[in-house]
There are 2 protein chains.
Amino acid sequence: MTEAVSRPTLEAVAARAGVSRATVSRVVNGGDGVREPLAERVRRAVEELGYVPNQAARSLVTRRHDAVAVVIAEPETKVFADPFFALQLRGISKELTAHDNQLVLLLTEGRADHVRVARYLAGGHVDGALVFSLHLDDPLPGLIQDAGVPTVFGGRPGWGEDTPAADPGVAYVDCDNRGGARAAVRHLLDLGRRRIAHITGPLDQTSAADRLDGYRDVMADVLGESDPRLVVESDFTPAGGERAMRELLDRCPDVDAVFAANDLTALGALRVLRESGRRVPDDVAVVGFDDMVPVTEQAEPPLTTVRQDIEEMGRLMARLLLQGLSDGRHRPRTLPGAPAVPGSPGTAVILPTTLIRRASA
Amino acid sequence: MTEAVSRPTLEAVAARAGVSRATVSRVVNGGDGVREPLAERVRRAVEELGYVPNQAARSLVTRRHDAVAVVIAEPETKVFADPFFALQLRGISKELTAHDNQLVLLLTEGRADHVRVARYLAGGHVDGALVFSLHLDDPLPGLIQDAGVPTVFGGRPGWGEDTPAADPGVAYVDCDNRGGARAAVRHLLDLGRRRIAHITGPLDQTSAADRLDGYRDVMADVLGESDPRLVVESDFTPAGGERAMRELLDRCPDVDAVFAANDLTALGALRVLRESGRRVPDDVAVVGFDDMVPVTEQAEPPLTTVRQDIEEMGRLMARLLLQGLSDGRHRPRTLPGAPAVPGSPGTAVILPTTLIRRASA
DNA sequence: TTGAAAGCGCTAACAC
DNA sequence: GTGTTAGCGCTTTCAA
């Protein structure tokens with residue numbers, strides 16, 4: 001196996017260049033305030049010795065790591081099966097890289113891992129955390145709060161909502177789930193459909209709950225009330241979409257439209273509809289949510305869906321965090337238990353959604 | 001935004017418990033050699049203050065991080081689209097977690113990121129690295145070697161092979177790509193097929209090159225020579241598989257079997273065969289590679305394929321690395337440029353493959 | 001068994 | 001401009 005190598009220190013570089021450690025440090029960190037010939041000598045010494053600063057030592061004094069953790073509260077299998085995460089990560093990755101921060105992805109396979117992750121965060125390996133896919137009863141937010149790491153959430157965190165305990169300082173980025181859902185259902189109504197079903201996501205996630213609310217808003221508005229049998233809970237996966245669609249056809253064979261909580265779910269629903277001999281959109285119209293292009297465009301028929309800019313959400317999460325971090329650097333260090341700084345950068349950012357019409361509705 | 005919090009130090013805990021820092025340190029790190037009543041006092045103080053050790057400080061002296069980096073030399077989109085990585089990561093993750101090591105996933109979107117990753121590794125954030133999906137001309141292995149971080153590769157690294165410069169100490173885990181490919185092609189021959197095509201992976205990766213070699217071995221053995229038009233290079237993706245299959249049908253409409261370099265490629269090929277009106281396996285038999293169960297079993301028809309235990313490969317990579325690390329700890333520190341320790345734990349581990357017969361061939 | 005003290009490699013005041 | 005020096009928070013001899 002490639003072996004560990006003992007690396008040269010600042011001291012060694014200083015000796016070789018015939019200067020003090022401080023001077024080397026200055027050159028290594030930008031080099032202003034060092035006369036050129038000296039700086040050049042130092043640079044050569046760095047080069048010759050293959051010097052790389054020891055981050056542990058540096059972090060110990062600067063309290064900075066130039067690294068940000070991304071925590072996804074889902075098992076790997078789901079993380080990797082759902083393009084949603086890939087897109088969000090790409091946005092995050094781009095933004096972090098642009099600001100010379102390293103992305104550290106922490107995977108969690110279950111509850112036990114949450115403790116490990118919290119320890120990692122509290123251990124001061126990173127300057128902040130981006131956390132997403134939270135579920136209602138997740139212990140993670142509490143653990144993270146205890147860890148005292150600046151955090152931005154992806155998707156509105158559901159914990160403590162409407163309670164006085166709700167942390168007003170919590171930052172998150174989300175899309176207009178409820179508004180998007182309304183647009184989808186309104187579109188189906190405009191198409192003349194009346195038996196509009198909804199296959200939800202996991203209702204312990206606010207995104208799924210909000211989309212359900214949007215569905216109900218419009219159904220109640222227009223039809224007065226809605227048949228509860230038209231709503232089936234699912235889990236944002238294609239397989240779940242299949243199961244839910246079967247259930248739906250069983251309960252309400254007269255269903256003439258389906259609003260699926262995300263595109264993957266819609267994919268499963270389309271498959272079952274096809275199997276059952278129903279034509280889309282003629283017999284049953286289908287609308288998804290997300291607009292994950294590779295999925296929606298290759299669906300049969302191409303999927304009408306509610307678009308949200310997932311990559312942009314990721315980018316914004318990262319930006320919000322980095323901004324908060326650099327602001328924080330100019331302020332005195334926060335004490336344990338101190339309230340979040342009021343007026344801290346845009347606590348919640350809600351991105352708009354757009355209905356994208358394709359062939360399925 | 002959730003704000004940073006200044007954390008209590010060892011010092012604070014010591015003061016609270018009325019003992020020395022050394023004693024607290026002992027208790028925190030296992031606690032042997034401390035009398036029970038004292039230890040208990042310390043534990044209570046730790047609890048009350050919510051003390052978590054500062055890893056930077058600890059690493060500075062121990063030179064350990066209990067963290068391992070996983071580097072995947074592919075753009076995110078590919079990483080997340082291919083279940084292969086998810087499986088391997090799961091194996092790695094399990095093994096690391098079992099040994100209280102944190103997995104740090106470093107994503108690379110392009111060459112520029114390689115330098116960043118190398119810096120990160122050299123900066124001493126992790127004890128070792130697991131690297132996979134290398135391409136022939138990748139600068140990464142060189143950079144990593146310079147970084148002086150113990151590394152285990154996933155898949156045989158292609159660089160320097162057959163040259164005196166080849167590092168004999170390099171550790172890697174792979175499956176028997178060539179043998180597996182031979183089995184696949186032999187199976188197709190046994191089925192009576194003679195116009196057997198091969199859709200390769202990216203040939204700058206050894207796994208793809210080895211599978212092509214295996215294909216050629218058998219074709220040459222049995223048929224004397226093989227029609228070069230029957231080989232099309234592709235890229236391990238379903239879309240690539242589609243393109244390649246179209247090309248193949250165009251060149252050799254009489255093709256009666258396809259050995260695809262992986263399951264995703266086979267999936268694309270199946271789709272095009274269906275479109276072209278050919279029946280599988282009646283007209284054209286198809287064999288894949290990997291046996292990614294969700295893919296192979298849901299393919300139409302279910303895919304005959306060469307199974308490799310991907311999760312196990314991941315687990316082994318991690319085990320090899322951790323073992324090397326703990327061995328290294330008992331030895332004097334390696335000097336820069338020192339050769340890898342000979343007889344270091346099993347330099348190469350090659351896992352066997354099995355042909356899994358399903359409906360497609 | 002416990003404590004005192006040295007020092008890991010670095011940055012940041014503060015002198016010069 | 002450049003060097004000197006005092007820590008950052010922790011582990012680990014070494015003495016007591």
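So you know, we letter chains A, B, ... as the sequences are listed, proteins then strands, and number each from 1.
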(request) Answer yes when Glu95(A) and Arg319(A) have at least one side-chain N-carboxylate O distance shorter than 4.0 Å, and no when they do not. (result) yes

(request) Would you mind reading off the distance between Glu40(A) atom CD and dG1(D) atom C1', rounded to a whole angstrom? (result) 17 Å

(message) Could you check whether Glu47(A) pairs with Arg44(A) (Lys NZ or Arg NE/NH1/NH2 to Asp/Glu carboxylate O, under 4.0 Å)?
(response) no

(request) Whole angstrom is fine here: how far is it from CG in Leu60(B) over to P in dA6(C)? (result) 17 Å

(request) Check whether any side-chain nitrogen or oxygen of Arg7(B) sits under 4.0 Å from OP1 or OP2 of dG9(D), and answer yes or no. (result) no

(message) Output the rounded distance in Å from CZ (Arg35(B)) to P (dT1(C)).
(response) 6 Å

(message) Strictly below 4.0 Å, N to O, side chains only: are Glu36(A) and Arg43(A) in salt-bridge contact?
(response) yes

(request) Answer yes or no: does atom CD of Glu11(A) have more than 12 heavy-atom neighbours from other residues, nucleotides or ligands under 6.0 Å? (result) no

(message) I'd like to know if the side chain of Asn101(A) pairs up with that of Arg116(B) as donor and acceptor (distance under 3.5 Å, no hydrogens or angles considered).
(response) no

(message) In whole Å, I'd like the distance from the CZ atom of Arg63(B) to the C1' atom of dT12(D).
(response) 13 Å

(request) Decide whether Asn29(A) and Arg58(A) meet the rule of one side-chain donor and one side-chain acceptor closer than 3.5 Å. (result) yes

(message) Each nucleotide in nucleotides 10-16 of chain C should get exactly one letter: B, S or -. Can you fill that in based on protein heavy atoms under 4.0 Å?
(response) BBBB---

